[in-house]
J.: 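Attaching a single structure in structure tokens format; questions to follow.
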Amino acid sequence: MARIALGVVIGFIAWTAIWLAANFAIAAAGGLTDQGQVAAPWALPVALVVSVAASAVSGLVAGRLARRSVVTTGVLLGILLLLVGIGVQVSSWDAMPLWYHLSFLILLVPATVAGARLAGPKPGPVAATPA
């Protein structure tokens, strides 16, 4: 249980670090204003791709740390990211279109679980069964 909790916490930190670094890069490229407002039409699709990538990577990190119960760890991390994400999206509801808010939130848990599954045990060779 402690490894699962550690995986969720470190996974959350990893997601946050990736997200903040990517937002800094998007802003530096002219996609966001100094106040965090969208300044270019490409910024939101790029942010969405970054969110999915960050979710998958954080799920992988969490799953590697948990070692066992990788799917459970991915689900717990995904739920934590979703709860925080809901708060963030609500706070910026008027600043972005509905498609972005919904896509961002809907993709958090599946992408995180997919990343966690990558950390799981790899299936061995399939044994031949007699016909």
Side-chain angles (χ1 to χ4, degrees):
M1 187 65 169
R3 292 194 73 85
I4 291 172
L6 177 66
V8 170
V9 169
I10 299 300
F12 185 84
I13 292 169
W15 192 97
T16 303
I18 294 166
W19 182 252
L20 291 175
N23 272 307
F24 180 79
I26 292 169
L32 299 173
T33 66
D34 291 339
Q35 294 78 32
Q37 299 293 333
V38 178
W42 56 265
L44 291 180
V46 168
L48 199 55
V49 169
V50 167
S51 173
V52 170
S55 298
V57 169
S58 68
L60 176 63
V61 168
R64 295 276 174 156
L65 289 170
R67 292 189 188 157
R68 296 187 185 127
S69 304
V70 295
V71 172
T72 300
T73 304
V75 168
L76 292 173
L77 175 58
I79 290 170
L80 176 60
L81 290 170
L82 179 61
L83 292 173
V84 172
I86 289 170
V88 171
Q89 295 304 309
V90 166
S91 72
S92 63
W93 196 258
D94 293 334
M96 291 171 241
L98 181 61
W99 69 263
Y100 175 79
H101 295 298
L102 294 179
S103 299
F104 181 92
L105 295 172
I106 289 169
L107 293 170
L108 281 172
V109 175
T112 305
V113 172
R117 284 183 184 270
L118 293 174
K122 305 298 180 240
V126 177
T129 56

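Keep in mind that this is a model prediction, so the values were computed, not measured.
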J.: Give me the atom names and distance for the closest heavy-atom approach of L44 to P97.
T.: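 Closest approach of L44 to P97, heavy atoms only: CD1-CD, 3.4 Å.
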
J.: For A62 versus G7, what's the shortest heavy-atom pair and its separation?
T.: CB-O, 3.2 Å

J.: Which heavy-atom pair separates A119 from G63 by the least distance, and what is that distance?
T.: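 In terms of heavy atoms, the two residues are closest at CB-C, 3.5 Å.
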
J.: Same cluster for L48 and I106 if Ile/Leu/Val/Met/Phe/Trp/Tyr side chains link at under 4.5 Å?
T.: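 Result: no, two separate clusters.
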
J.: Is there a continuous path of hydrophobic side-chain contacts, each under 4.5 Å between heavy atoms, that joins Y100 to I26?
T.: yes

J.: If I compare all heavy atoms of S51 with all of F104, which pair ends up nearest, and what's the gap?
T.: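 So the minimum-distance heavy-atom pair works out to OG-CE1, 3.3 Å.
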
J.: In the single-linkage hydrophobic clustering (I, L, V, M, F, W, Y; side-chain heavy atoms under 4.5 Å), do V88 and L32 co-cluster?
T.: yes

J.: Is it the case that the side chains of S55 and W15 hold a donor-acceptor pair, with the cut-off being a distance below 3.5 Å and no angle test?
T.: yes

J.: What's the separation between atom CZ in F12 and atom CG in L77, rounded to the nearest 0.5 Å?
T.: 8.5 Å

J.: In terms of heavy-atom contacts, does CZ of R67 have more than 12 from other residues, nucleotides or ligands at under 6.0 Å?
T.: no

J.: Rounded to the nearest 0.5 Å, what separation is found between the CG atom of N23 and the CD1 atom of I18?
T.: 12.0 Å

J.: V38 and M96: which non-hydrogen atoms are nearest, and at how many Å?
T.: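 V38 and M96 have their closest heavy atoms at CG2-CG, 4.1 Å.
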
J.: Quick one, I86 and L82 - any side-chain contact, counting heavy atoms below 4.5 Å?
T.: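 Side chain of I86 against side chain of L82, heavy atoms only: contact under 4.5 Å found.
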
J.: Might you work through the side chain to side chain contact (heavy atoms under 4.5 Å, CB included) test for R117 and V71, ending with a clear yes or no?
T.: CA-CA 6 Å; R117 284 183 184 270; V71 172; 4.0 Å; yes

J.: Please tell me whether V46 and F24 are part of a single hydrophobic cluster in this structure, the criterion being side-chain heavy atoms less than 4.5 Å apart.
T.: no

J.: Please answer: with hydrophobic residues joined when any side-chain heavy atoms are less than 4.5 Å apart, are L118 and V113 in the same cluster?
T.: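 No; V113 is not reachable from L118 via cluster members.
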
J.: Could you pull out the closest heavy-atom pair between W93 and H101, with the gap in Å?
T.: O-NE2, 3.1 Å

J.: Rounded at 0.5 Å granularity, tell me how far OG1 in T112 sits from CG in L81.
T.: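 Taking OG1 in T112 and CG in L81, the distance rounds to 5.0 Å.
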
J.: Between M1 and S69, does a side chain to side chain contact (heavy atoms under 4.5 Å, CB included) hold up when you go through it step by step?
T.: CA-CA 9 Å; M1 187 65 169; S69 304; over 6 Å; no

J.: As an exercise, state the distance from CG of L98 to OG of S103, rounded to the nearest 0.5 Å.
T.: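 Interatomic distance, L98 CG to S103 OG, rounded to 0.5 Å: 8.5 Å.
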
J.: Mind running side chain to side chain contact (heavy atoms under 4.5 Å, CB included) on V75 and I79 for me, showing each step along the way?
T.: CA-CA 6 Å; V75 168; I79 290 170; 3.8 Å; yes

